[in-house]
Amino acid sequence: MQNSLFPENSFPAQDRQGSKNKPTVSKQDLNRSQQEAVAHLDGPLLVVAGAGSGKTRTLVYRVAHLLGQGILPENLLLLTFTRRASQEMLLRASHLLDESCQDVAGGTFHAMANMLLRRYGYHIGYAPNFTIIDRSDAEGIINILKSSLSLAGAGKRFPTKRVIINMISKAVNRSTDLETLLYDEYEHLEEFLNSILLLQDHYEKFKFAHGLMDYDDLLVNLKQVLKENDQVRQEVSQRFQYIMVDEYQDTNAIQAAIVRLMASTHNNVMAVGDDSQSIYSFRGADFRNIMDFPSIFPNTRIIKLEENYRSTQPILSMTNAIIEKADEKYTKTLFTKVEGGNKPELYNAADAGEEARYIAGRITELQKDGLPLNEMAVLFRSGFHSYKLEIELASKGIPFEKRGGLKLTESAHIKDFLSYFRILVNDQDNLSWNRVLLLLDKVGPKTAQKILAALKASEEPFEALKEYPAAPVWRKGVLELAAVMQKLKDPVLTPVEQFEIISEYYQPIFQRIYYDDYPKRSRDLEQLRTIIAGYDSLAKLVDDTALEPPETIVVEDSTDRLILSTVHSAKGLEWDTVFIISLAEGKFPVSQALPGAQWEEERRLLYVAATRAKKRLYLTYPREIMSVDRQFSRAPLSPFLAEISHSLYTSSGRAHNQAVGYGGGSSGYSFSMGNRGRRSMGAASLNQNKKQLKDASSLDQGQAVTHPFFGRGIIDKVTGDRTVEVVFDRHGRKTLHLDYAKLEKIK
DNA sequence: TGAGACGCTGTTTTT
DNA sequence: CAGCGTCTCA
């Protein structure tokens, strides 16, 4: 955390000699296409690189190559998807060349935007000490605004803060306006359009007034500064003479515009990506963007990397089969020279518990055979899919680290704590002030608002707090808070010392508010302390908690530990052995994925997951899953697996059960069907089926249907757009939601 | 105006 | 099985 790749003195005087006499980087480890990409010097370059095709290696070598040509490290910029990715690449580059590689600026778009906006943000009215807010902070602002605009009680079904923030963010990331978005995707909220627009307007003003930026603002504001200010654009563009963008398929239009502006004086941009691995459309990325690159940058050279060096042939055959079913044909077919290896193994577990036991058992076996835990990973679609497994691993004493899912900084008590820090960095941060005030006993939203108004009116918020005419019941609380803040402002204090002071003050509050589970939560505070110990700058700490939130490490007493990760967080990584769990329809793909684009993205997601494996790939699926209403239901195998040839993998556990199959009467997904037959009914017919299942208008009274758990039944009544009443032969009358129930028509 | 009880809903993925 | 929003009482 400490050594930022965007250091504070990020614009060093450029008086150093370039390293003209550095050793030339050996290119014997590269194939012809890779060499070509590495040796490319000026002008736009697009590298379309399949999974495991040595994309990272190519970038690493190119960094080293450029520096070897005498280009200064500070004139390079490496934009990656995570900070970890860029750190690792620059470390590898320094093994090739020397440690000057470590001076290359690298990190995420957001981290870069943060760095540049601290310096240039004043052009659009932001002070350099602005605070970055995360999603729940943003939702908090919506909450405050909702009540201050008295929109709260107004409607019975006013959209939640989450939905509102989703909409606002989506509009930004898709470069469209909120109204268009609403009519596109949220038509049912039409009656709230004006209220939502009002909220959006106040949300923007609130952030600006209090020196706050959300994730989208970082990008939007950077783009604006670069666009409107010629001098800034020149300066930045001159600073970053060579720009490299990794995972380009997951950038959105704003990010593309930023790259174009930053490269305005030289056009030296190298973009690397893979359209078949695009998995961030929910963030406004479109895999077609990568194809637009040549039109944004005329005379782009295009290089494809198609040889896979990562996986064995059986694994590659399966992953190729998965992606081949995609609606849209992608640009590459991967091949490998890695020989041998076993077919991927599909395990049919009875339920999530058995699935977890199977995996823990397998891992133990592999470990006994000498495979270190950190050569294995368990991947899943959603964070909570691993809960059962986490318990199982803990009981077996297998150390693991979980990535993705809930972040440490997202829990309420950590946010409480960080609010004190945020105020110290930016005393205009009303969101944090609000949070801190609400922690006081007998102070609620109304009182907090009044105090906030007084703080805002004053030049010295801390003084104003002390002198606020408090009511007797909570006067003591306010004075204590004022005293603590005063104490914290002492410039000689280190972040850890400040942590201790807040800790002492916060402890009683903490125990009062989280009385039911504060012992559990206090472990998180300990972990926060450890993290803070690595910092000497509060501002940096506060930035990082938003930009690179620390993962919740569940078991940390070992350096050799198993990785549990969401597929999204596993992007770009690889392991000897990979387990993909919860491969049941409704879990992977997630139940809310709609036919069409979303469904296709789920498929690419599975493709990304499976291509992480080098030697061994295990797929598991629970046949029975528990739904929220604690009912068990049969879950079909993920259609992405059901639709590919059974000969590509081996099965164990209970045998396949055709009764729970997807295609029902057509049984189009039986494994025996020849390749040609299946091709014609690929994704398209699957999607149709899915659509049909969700639309009650296609069902009539008297229609016979089957349900995977309840069996055969007759439609008795269509009670709504998506609800029907069915009388089942064996289970009687049920009301079913077509969003959840998997009904199929039968003759 | 704040605190606490109660019922509802809904549950990706990330910077 | 939450976390959230709404409702009621002090």
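In what follows, chains are A, B, ... by sequence order, proteins preceding strands, each numbered from 1.
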Set out, line by line, the N/O atom pairs under 3.5 Å between protein and nucleotides 2-5 of chain B.
unit_1: B:dG2; atom_1: OP1; unit_2: A:G444; atom_2: N; d: 2.7
unit_1: B:dG2; atom_1: OP1; unit_2: A:G444; atom_2: O; d: 3.3
unit_1: B:dG2; atom_1: OP1; unit_2: A:T447; atom_2: N; d: 3.1
unit_1: B:dG2; atom_1: OP1; unit_2: A:T447; atom_2: OG1; d: 2.1
unit_1: B:dG2; atom_1: OP2; unit_2: A:K446; atom_2: N; d: 3.2
unit_1: B:dG2; atom_1: O5'; unit_2: A:G444; atom_2: N; d: 3.3
unit_1: B:dA3; atom_1: OP1; unit_2: A:D441; atom_2: OD1; d: 3.0
unit_1: B:dA3; atom_1: OP1; unit_2: A:K442; atom_2: N; d: 2.7

With sequence neighbours excluded, what pairs up with [X] under the side-chain hydrogen bond (donor to acceptor under 3.5 Å, both in side chains) test?
X	result
A:Q598	none
A:R260	none
A:S569	A:T566

Any residue meeting ring-ring contact (aromatic ring centres under 6.0 Å, His included) with [X], in chain and number order, not counting sequence neighbours:
X	answer
A:W433	A:F462
A:Y506	A:F417, A:F510
A:Y186	none
A:F282	A:Y280, A:H568

Set of salt bridge (charged side-chain N to carboxylate O under 4.0 Å, His left out) partners for A:R422, sequence neighbours left out
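A:R422 satisfies salt bridge (charged side-chain N to carboxylate O under 4.0 Å, His left out) with A:D137, A:D429 only.
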
Give the table of side-chain donor-acceptor pairs shorter than 3.5 Å for residues 435-451 of chain A, with sequence neighbours excluded, one pair per line with atom names and distance.
unit_1: A:R435; atom_1: NE; unit_2: A:D416; atom_2: OD1; d: 2.8
unit_1: A:R435; atom_1: NH2; unit_2: A:A412; atom_2: O; d: 3.2
unit_1: A:R435; atom_1: NH2; unit_2: A:D416; atom_2: OD1; d: 3.1

Sort me out a list of protein N/O and nucleotides 7-10 of chain C N/O pairs below 3.5 Å, or just none if empty.
none

Nucleotide N/O of nucleotides 13-15 of chain B paired with protein N/O under 3.5 Å:
unit_1: B:dT13; atom_1: OP1; unit_2: A:G383; atom_2: N; d: 2.5
unit_1: B:dT13; atom_1: O4'; unit_2: A:R381; atom_2: NH1; d: 3.3
unit_1: B:dT13; atom_1: O2; unit_2: A:R381; atom_2: NH2; d: 3.1
unit_1: B:dT14; atom_1: OP1; unit_2: A:T566; atom_2: OG1; d: 3.1
unit_1: B:dT14; atom_1: OP1; unit_2: A:S569; atom_2: OG; d: 3.0
unit_1: B:dT14; atom_1: O2; unit_2: A:R283; atom_2: NH1; d: 3.4
unit_1: B:dT15; atom_1: O4'; unit_2: A:R283; atom_2: NH1; d: 3.4
unit_1: B:dT15; atom_1: O2; unit_2: A:H110; atom_2: NE2; d: 3.3

Quick one: pull up CD in A:E548 and CG in A:D543 and give me the separation to the nearest 0.5 Å.
11.0 Å

Separation of atom CG in A:N143 from atom P in C:dT6, rounded to whole Å:
10 Å

